[in-house]
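Heads up: the structure comes next, in structure tokens.
Keep in mind that the numbers below use all heavy atoms, side chains included, and drop hydrogens, waters and symmetry copies. By convention in this document, chain letters (A, B, ...) are assigned in the order of the sequence lines, proteins followed by strands, and residues within each chain are numbered from 1.
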Amino acid sequence: GAVVSQHPSRVICKSGTSVKIECRSLDFQATTMFWYRQFPKKSLMLMATSNEGSKATYEQGVEKDKFLINHASLTLSTLTVTSAHPEDSSFYICSARRSETQYFGPGTRLLVL
Amino acid sequence: LAKTTQPISMDSYEGQEVNITCSHNNIATNDYITWYQQFPSQGPRFIIQGYKTKVTNEVASLFIPADRKSSTLSLPRVSLSDTAVYYCLVGKGRGSTLGRLYFGRGTQLTVWP
């Protein structure tokens, strides 16, 4: 149990376009999901907390207009990277919270050309 | 926010027991301690979680002293496939609507044949 999926697993896009990443909790409902990004050889950095039915809470320094988060249902949260630029290339990972534990998705590799 | 400190790297040989200690001096009363394992280009995988004393599952054991200012992850009889980065995190658990996790640098465990 406690399976979290992400789609797509990897995506390549042109600079200036927008990319949407989906995060799904497959076998449980999650009122709270989280989005992280990870650069090579670095640790995960929390970007935002996604709350079902309400606005996301962004960490300091994360642009809310750049990284749009929607948590429309108890099993789905989406992260949209708007007007992507090469510096947005990274590994994006989501997690879903069940009770006291966060379960992580497999990650999405974004490459912006 | 409780900050954690772990060794940056550890080496072991196959079949040995590995103990990774994490310090979290500022842990709050309702914080849980959670350990994750991460392989390259994958999302973190939940290993074990505890609040106090000792927790054991089919993968590892977690030892937490009475003052809860540190914890030790014990991996019995490691194999080459246990080579990964291990993260110790402290976050608000049961009863909390927050539960945000802030990752430190983690411990790179390398298992040699």
Side-chain angles (χ1 to χ4, degrees), chain A residues 1-7 9-10 21 23-26 28 30-54 56-62 89-111, chain B residues 1-9 22 27-52 55 57-60 62 64 71 84-108 110:
Chain A
V3 178
V4 178
S5 69
Q6 283 185 240
H7 177 80
S9 58
R10 58 181 62 195
I21 303 171
C23 176
R24 293 182 185 274
S25 56
L26 298 185
F28 67 101
T31 56
T32 305
M33 292 183 174
F34 303 87
W35 287 95
Y36 300 80
R37 67 188 297 181
Q38 185 176 33
F39 292 107
K41 304 293 184 182
K42 300 295 184 181
S43 186
L44 284 77
M45 184 190 78
L46 178 64
M47 299 176 65
T49 302
S50 172
N51 301 298
E52 188 267 338
S54 64
T57 302
Y58 291 82
E59 294 297 307
Q60 189 173 8
V62 178
S89 297
S90 188
F91 191 51
Y92 292 86
I93 308 170
C94 73
S95 71
R97 187 175 182 222
R98 187 177 78 172
S99 297
E100 308 86 22
T101 307
Q102 283 189 34
Y103 296 93
F104 288 81
T108 297
R109 178 77 58 190
L110 171 63
L111 176 61
Chain B
L1 297 173
K3 182 180 178 180
T4 60
T5 303
Q6 304 173 234
I8 293 175
S9 64
C22 177
I27 189 169
T29 302
N30 59 344
D31 281 343
Y32 276 68
I33 301 159
T34 311
W35 286 80
Y36 291 90
Q37 174 194 56
Q38 188 182 30
F39 298 110
S41 297
Q42 294 185 26
R45 182 176 78 100
F46 172 81
I47 302 175
I48 198 167
Q49 183 179 68
Y51 183 79
K52 62 181 179 180
V55 181
N57 61 22
E58 64 277 7
V59 178
L62 178 60
I64 305 169
S71 60
V85 178
Y86 291 82
Y87 292 100
C88 161
L89 292 110
V90 174
K92 300 201 184 304
R94 193 184 299 275
S96 170
T97 57
L98 296 177
R100 291 189 290 255
L101 296 178
Y102 296 91
F103 282 73
R105 297 179 65 178
T107 298
Q108 171 66 58
T110 302

**Asked** Just wondering, do A:Arg37 and A:Met45 contact through their side chains at under 4.5 Å, heavy atoms?
**Response**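 With C-beta onward as the side chain, the pair touches.
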**Asked** Is there a side-chain contact between B:Thr110 and B:Ser9 (heavy atoms, below 4.5 Å)?
**Response**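 Side-chain contact under 4.5 Å: no.
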**With A:Arg109 via side chain to side chain donor-acceptor pair (under 3.5 Å) - residues at least two apart** =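 With neighbours one apart ignored, the set is B:Ser41.
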**Request:** Give me the ring orientation class for B:Tyr32 and B:Tyr51: parallel if the planes are under 30° apart, tilted from 30 to 60°, perpendicular past 60°.
**Result:**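 It falls in the tilted class, 30° to 60°.
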What part of [X] lies closer than 4.5 angstrom to a heavy atom of chain B: side chain, backbone, both or neither?
| X | result |
| --- | --- |
| A:Gln6 | neither |
| A:Lys42 | backbone |
| A:Ser9 | neither |

**Message:** Quick check on the 6.0 Å ring-centre criterion: do A:Phe104 and B:Phe103 meet it?
**Reply:**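 Aromatic pair counts; centres sit under 6.0 Å.
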**Item:** Portion of B:Gln108 that has a non-hydrogen atom of chain A nearer than 4.5 angstrom
**Value:**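 Looking at B:Gln108, nothing touches chain A.
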**Message:** Which atoms of B:Tyr36 are under 4.5 Å from chain A, going by heavy atoms: the side chain, the backbone, both sets, or neither?
**Reply:**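 Just the side chain, heavy atoms under 4.5 Å.
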**Asked** Under a 4.5 Å heavy-atom cutoff, which of A:Ile93, A:Leu44, A:Leu46 has the most pairs with chain B?
**Response**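 Looking at each of A:Ile93, A:Leu44, A:Leu46 in turn, A:Leu44 comes out on top.
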